[in-house]
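These values consider heavy atoms only, across backbone and side chains, with no hydrogens, waters or symmetry-generated copies. Below, chains carry the letters A, B, ... as their sequence lines are ordered, and counting in each starts from 1.
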There are 2 protein chains.
Amino acid sequence: MDLRTRNKQATREAISRAALRLAVEQGPGGLALVRVHDIAEAAGVSPRTYNNYFSSREEAICAFQADQSKRAGQALRARPADEPLDQAVIAAMIELYTDPEPDRAGLRMIMSTPELEGEALKAFSMAEGPLAEAIAMRTGTDPARDLFPAVMAAAVAGAVRVAGRHWLEAGNAESFAAVLRRALSCVVPADVRNLTTKDR
Amino acid sequence: MDLRTRNKQATREAISRAALRLAVEQGPGGLALVRVHDIAEAAGVSPRTYNNYFSSREEAICAFQADQSKRAGQALRARPADEPLDQAVIAAMIELYTDPEPDRAGLRMIMSTPELEGEALKAFSMAEGPLAEAIAMRTGTDPARDLFPAVMAAAVAGAVRVAGRHWLEAGNAESFAAVLRRALSCVVPADVRNLTTKDR
DNA sequence: ATCTGATATTGCGCGCCGCGCACTATATGC
DNA sequence: GCATATAGTGCGCGGCGCGCAATATCAGAT
């Protein structure tokens with residue numbers, strides 16, 4: 001990859017990290033106190049530059065989650081091709097979202113701050129497109145006709161979100177991986193054939 | 001209900017309707033041209049009053065979808081108690097979202113305008129809470145321990161969203177009810193017992 | 001090592017937005 | 001018909017997003 005591009009990504013990440021850190025410092029109640037000026041300063045960049053990378057504080061704060069979700073497709077595609085869909089999806093999502101174990105404070109910030117709700121949903125739902133594509137590949141279905149890939153992708157993304165919420169509310173009782181597996185088991189059918197055929 | 005409250009709701013709806021109408025007029029590309037001033041004027045209200053009801057144009061535009069989603073719980077609860085979960089959910093969602101058949105232009109506006117993406121996701125996801133509660137009632141599960149109700153609710157809301165997108169992209173080939181049924185069939189298990197037991 | 005062209009960063013300024021506050025208009029319930 | 005809670009409004013402030021043009025920075029060729 002181009003060095004120039006790498007520097008850009010570094011700047012982007014610096015801004016994003018600064019934004020999330022400052023937001024976490026204020027807690028879910030004080031998002032209004034996180035000024036663009038502060039984010040830019042903490043990232044060592046001018047306010048105008050901050051706005052070249054993100055068009056809202058919310059977007060900057062949730063950027064990490066968004067980027068992670070975008071990798072959902074490749075995570076599933078990385079699973080062995082002969083693995084059953086349900087196992088592949090569960091393994092892929094656990095790998096994607098628990099490497100490393102999520103930051104509690106950060107996740108709590110983006111998931112329980114009303115002003116961030118829309119952006120957080122956007123961040124998680126960014127997994128849907130790539131995921132649907134990967135699922136379609138695996139099941140050999142045509143995304144234009146079959147609803148199954150897109151619906152399943154949305155269900156998986158939703159399960160991840162619910163798992164996150166539950167993991168935040170419960171204490172350290174369970175690892176996120178365990179919660180995630182439980183959640184995904186509710187929507188990823190062990191045998192998917194009867195559903196796809198019904199859907200054709 | 002109090003008359004005063006009804007007038008408030010009427011005002012709220014007037015603003016919301018005006019906002020959506022103006023947005024549709026500009027199309028998904030020109031949301032920036034929909035000024036608060038115009039919305040307020042079209043609703044016969046001062047800009048300041050508009051802001052007493054909605055804290056952003058996006059929220060005003062998506063208010064109808066949001067309100068509809070909020071009724072998901074009662075829609076499911078209105079189904080006969082002895083009806084199997086899968087049939088009840090499908091029937092309830094079809095009743096809720098196809099009475100009347102959705103407005104194509106309006107739905108297209110909120111679902112394919114990038115600036116509205118977050119708010120639209122919020123609107124659809126507002127069904128999840130009430131829906132999860134109703135599902136928990138039906139299945140007799142404890143939402144605090146079992147993930148199933150919340151996960152299923154998220155999956156259903158996601159399926160509705162995907163169905164909407166598909167219905168917009170396809171022409172008049174299918175009624176929305178038909179698409180909705182197909183989408184929901186992908187995630188609502190015909191026999192839910194094996195999943196709930198696995199989840200306990 | 002130097003130059004050069006591309007590109008990232010920045011400063012400035014405009015228009016709009018969300019909202020707190022205080023005031024006014026309204027009509028509900030007595 | 002009146003008192004009073006409540007909805008609507010005008011004003012003003014601070015902040016934000018972004019277009020534009022100038023500047024700084026750096027990769028790559030010579």
Side-chain angles (χ1 to χ4, degrees), chain A residues 1-20 22-23 25-26 28-63 66 113-119 122, chain B residues 1-20 22-23 25-26 28-63 66 110 113-119 122-123:
Chain A
M1 181 194 305
D2 196 350
L3 189 153
R4 213 137 194 162
T5 311
R6 294 223 272 149
N7 281 356
K8 268 196 87 162
Q9 285 191 348
T11 304
R12 183 188 152 91
E13 193 187 320
I15 297 172
S16 165
R17 288 181 70 86
L20 182 55
L22 293 180
E25 282 177 10
Q26 299 295 336
L31 187 141
L33 302 180
V34 181
R35 303 270 192 267
V36 162
H37 177 264
D38 305 325
I39 299 176
E41 187 167 313
V45 109
S46 90
R48 188 61 186 84
T49 296
Y50 143 88
N51 240 354
N52 282 344
Y53 286 88
F54 300 102
S55 56
S56 72
R57 284 163 300 154
E58 295 79 6
E59 189 184 342
I61 293 171
C62 299
T113 298
E115 300 99 308
L116 290 179
E117 192 182 344
E119 199 65 31
K122 250 171 80 175
Chain B
M1 180 193 307
D2 195 352
L3 190 152
R4 215 145 192 157
T5 311
R6 295 226 272 149
N7 281 356
K8 267 197 87 163
Q9 286 191 347
T11 304
R12 183 188 152 91
E13 193 186 321
I15 297 172
S16 165
R17 289 181 69 87
L20 181 54
L22 293 181
E25 282 176 10
Q26 299 295 337
L31 187 142
L33 302 180
V34 180
R35 303 272 193 269
V36 162
H37 175 79
D38 305 325
I39 299 176
E41 186 167 311
V45 108
S46 91
R48 188 61 186 83
T49 297
Y50 143 88
N51 241 350
N52 283 343
Y53 287 87
F54 300 102
S55 56
S56 72
R57 285 164 299 154
E58 294 80 6
E59 188 184 344
I61 293 171
C62 298
I110 71 170
T113 298
E115 301 98 309
L116 290 180
E117 192 183 345
E119 199 64 32
K122 250 172 80 176

Task: Distance below 4.0 Å between Tyr53(A) side-chain N/O and dT9(C) OP1 or OP2 - done: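 True: Tyr53(A) side-chain N/O within range (under 4.0 Å) of dT9(C) OP1/OP2.
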
Task: Check: Arg35(B) side chain, Ala32(B) main-chain N or O, donor-acceptor pair, under 3.5 Å - done: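 Answer holds: yes.
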
Between [atom2] of [N] and [atom1] of [X], the distance in whole Å:
{"X": "Glu115(A)", "N": "dC16(D)", "atom1": "CD", "atom2": "C1'", "answer": "15 Å"}
{"X": "Lys8(B)", "N": "dT9(D)", "atom1": "NZ", "atom2": "P", "answer": "13 Å"}
{"X": "Ile15(A)", "N": "dC16(D)", "atom1": "CD1", "atom2": "C1'", "answer": "16 Å"}
{"X": "Glu59(A)", "N": "dC16(D)", "atom1": "CD", "atom2": "C1'", "answer": "14 Å"}
{"X": "Arg12(A)", "N": "dA8(C)", "atom1": "CZ", "atom2": "P", "answer": "14 Å"}

Distance-minimising heavy-atom pair for [X] and [Y]:
{"X": "Gln26(A)", "Y": "Val34(A)", "value": "CG-CG2, 3.8 Å"}
{"X": "Ala19(A)", "Y": "Ala60(A)", "value": "CB-CB, 3.9 Å"}
{"X": "Leu33(B)", "Y": "Asp38(B)", "value": "O-OD2, 3.9 Å"}

Open item on the list: Quick one, Tyr50(B) and His37(B) - any side-chain contact, counting heavy atoms below 4.5 Å?
Closed with: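 They are not in contact (no side-chain heavy atoms under 4.5 Å apart), so the answer is no.
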
Task: Arg48(A) side chain reached by Asn51(A) side chain, heavy atoms, under 4.5 Å - done: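 Contact flag for Asn51(A)/Arg48(A) side chains = yes.
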
TODO: Starting at CD1 of Ile61(A), measure out to CG of Leu22(A) and round the result to the nearest 0.5 Å.
DONE: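 Nearest 0.5 Å value for the CD1-CG distance: 8.5 Å.
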
- [ ] If a protein heavy atom is under 4.0 Å from the base, mark B; if only from the sugar-phosphate, S; if neither, -; do that for nucleotides 10-18 of chain C going 5' to 3'.
- [x] BBB---SSB

Open item on the list: Generate the contact string for nucleotides 23-30 of chain C. Rules: B means base contact, S means sugar-phosphate contact only, - means no protein heavy atom under 4.0 Å.
Closed with: ---B-SS-

TODO: Please identify each residue that fulfils side chain to side chain contact (heavy atoms under 4.5 Å, CB included) with Glu59(B), with sequence neighbours left out.
DONE: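 If we apply the side chain to side chain contact (heavy atoms under 4.5 Å, CB included) test to Glu59(B), skipping adjacent residues, the hits are Phe54(B), Ser55(B), Ser56(B), Glu119(B).
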
